Amino acid sequence: MSEEHRETGTGWPQPAEPGRPSGPAGEPDPRPDAPDPDELSPLAPVEPAAPEQEDVPEPAEEPGASAAGAEPAPVSRRLTSAGAMIAVLLALLGFTLVVQLKTTSTDPTLAATREEDLVRISSDLDSRERRLRQDIEALEESQRQLRSGEQGRQAALEEATRRADELGILAGTLPAVGPGLSVRFEGPEKAVESERILDAVQELRGAGAEAMQIAGADGTAVRIIASTYFVDAPGGGLVVDGRRLSGPYVISVIGDPATLRTALNIPGGVVASVEEAGGNVTPVDSEAVEVSQLHAPIKLEHARPVS
């Protein structure tokens with residue numbers, strides 16, 4: 001065994017370390033960057049090598065994902081919600097239009113109304129509007145006169161007189177004359193029963209009638225006011241405010257003739273219902289209709305004016 005083998009403490013020669021030139025034992029490495037021989041001593045502890053980490057496959061990046069965060073997903077959800085809301089609103093709108101079209105198409109009154117009837121109804125409404133505007137202007141003029149200093153007392157007296165005359169005509173305690181219609185009802189008892197005569201009176205009131213009276217075949221007349229009632233008499237005829245009348249009947253009414261005629265001839269109205277029952281309605285225009293029958297003043301028992 002050589003001397004070199006003894007110094008190494010082994011009976012066999014040690015292989016040369018990588019990167020270290022072989023040479024006599026104990027001689028330093030002549031290279032300037034050579035490591036310290038003590039560090040390469042076989043007695044120096046050798047740190048175990050770190051275990052190799054297995055390659056873990058990274059999860060595949062989803063298309064459209066960005067490093068700033070998953071922003072597209074909420075936007076997509078918002079767009080989806082907005083689309084659903086729009087679809088619901090469109091469905092409701094379509095349902096409403098269908099219901100309205102069905103309702104309009106199934107309305108028998110509108111289907112039976114002719115163009116000329118609609119024109120007459122429109123003219124009737126225009127006439128009422130003009131009349132109301134004239135009343136408003138007259139009331140405003142009366143108010144101005146009542147507020148004036150010198151003419152106040154005289155204007156108040158004239159206004160009170162005019163009001164008393166109007167109330168007397170409406171209450172049936174004063175006679176009246178003016179343009180209007182004379183409406184004749186004739187036919188079988190079913191065609192001129194009390195219900196149809198009352199409908200005619202209501203239509204005329206709605207068209208602006210200011211004074212009315214009804215007369216029977218024998219000339220007996222009754223003034224028509226707000227409290228007038230109509231019932232069928234036993235054996236035929238009518239009972240109006242306690243007085244019996246026999247047909248045919250004539251209603252004298254003061255008001256605008258064109259408006260009154262339009263109200264009677266509305267589709268499905270008075271004229272149509274009487275004709276369907278076999279009767280006949282004949283309106284005649286007149287420039288001076290007289291309503292001369294008077295009604296006894298009504299004595300109030302319970303009502304009192306408010307002070």
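Everything quoted here is computed from the prediction, not taken from an experiment. Side-chain atoms are counted along with the backbone in the values below, which use heavy atoms only and exclude waters and symmetry mates.
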Can you confirm whether Val222 sits close enough to Gln213 that some side-chain heavy atom of one is under 4.5 Å from a side-chain heavy atom of the other?
no
Check: Thr173 side chain, Gly168 main-chain N or O, donor-acceptor pair, under 3.5 Å:
yes
Kindly work out whether a path of hydrophobic side-chain contacts (I/L/V/M/F/W/Y, heavy atoms less than 4.5 Å apart) joins Val183 to Leu245.
yes
A side-chain contact here means heavy atoms from C-beta on lying under 4.5 Å apart; do Val291 and Pro175 qualify?
no
Is it true that a side-chain atom of Thr161 and a backbone atom of Leu157 form a donor plus acceptor pair closer than 3.5 Å?
yes
From CA spacing to verdict: side-chain contact (heavy atoms from CB on, under 4.5 Å), Ile197, Ile214:
CA-CA 10 Å; Ile197 301 299; Ile214 183 171; 3.9 Å; yes
Show the nearest heavy-atom pair for residues Ile169 and Ala211, with the distance to one decimal.
CG2-CB, 4.0 Å
Side chain to side chain, Ile224 and Val201, heavy atoms closer than 4.5 Å:
yes
Can you check whether Met212 reaches Leu204 side chain to side chain, under 4.5 Å on heavy atoms?
yes
CD/Glu290: more than 12 non-hydrogen atoms of other groups inside 6.0 Å:
no
Provide the closest heavy-atom pair for Arg196 versus Ala277 in the form atom of the first, atom of the second, distance.
NH2-CB, 3.7 Å
Presence of salt bridge, Asp126 and Arg130, under 4.0 angstrom:
no
Could you check Thr262 against Ser123 for side-chain contact (heavy atoms from CB on, under 4.5 Å), going step by step and ending with a plain yes or no?
CA-CA 9 Å; Thr262 300; Ser123 177; over 6 Å; no
For Thr228 and Val240: C-alpha separation, side-chain torsions, deciding distance, then whether side-chain contact (heavy atoms from CB on, under 4.5 Å) applies.
CA-CA 7 Å; Thr228 301; Val240 182; 3.7 Å; yes
Arg133 and Glu129 ion-paired at < 4.0 Å
yes
What about Val250 and Val271, same hydrophobic cluster or not, with Ile/Leu/Val/Met/Phe/Trp/Tyr joined at side-chain heavy-atom distances under 4.5 Å?
no
Testing the basics here: between Phe185 and Ala200, what is the closest heavy-atom pair and its distance to 0.1 Å?
CZ-CB, 3.6 Å
How many angstroms lie between CD in Glu141 and CD in Glu159, if you round to the nearest 0.5 Å?
10.5 Å
Side-chain ion pair, Lys190 and Glu193, N-O less than 4.0 Å
no
Main-chain N/O of Leu264 paired with Glu203 side-chain donor or acceptor, under 3.5 Å
no
Could you go through Ile225 and Leu170, starting from their C-alpha distance and side-chain angles, then the distance that decides it, and tell me whether this counts as side-chain contact (heavy atoms from CB on, under 4.5 Å)?
CA-CA 7 Å; Ile225 60 174; Leu170 293 176; over 6 Å; no
Distance check, rounded to the nearest 0.5 Å: Ser194 atom OG versus Leu238 atom CG?
6.5 Å
Approximate separation, where rounding is to 0.5 Å, of Ile251 CD1 and Arg184 CZ:
12.5 Å
For Arg223, side-chain hydrogen bond (donor to acceptor under 3.5 Å, both in side chains) partners two or more places apart
none
Closer than 3.5 angstrom, by distance alone: can the side chain of Asp241 be matched with the main-chain N or O of Tyr229 as a donor-acceptor pair?
yes
Give a yes or no on whether a salt bridge exists between Arg261 and Asp285, defined as a side-chain N under 4.0 angstrom from a carboxylate O.
yes
In terms of heavy-atom contacts, Leu174 and Ala164 come closest through CD1-O, 4.3 Å
Please report the shortest heavy-atom distance between Pro283 and Leu181, naming the atom on each side.
CB-CD1, 4.4 Å
Return the minimal non-hydrogen interatomic distance between Gly278 and Pro188, and the atom names on each side.
O-CD, 3.5 Å
Would you give the length of the straight line joining atom OG of Ser252 to atom CD of Gln293, rounded to the nearest 0.5 angstrom?
11.0 Å
Spacing of CD1 belonging to Ile254 relative to OG belonging to Ser286, to within rounding of 0.5 Å
9.5 Å
Please report the interatomic distance CD1(Ile136) to CZ(Arg131), rounded to the nearest 0.5 Å.
12.0 Å
When you group the ILVMFWY residues by side-chain heavy-atom contacts below 4.5 Å and let the links chain together, are Leu198 and Leu260 in the same group?
yes
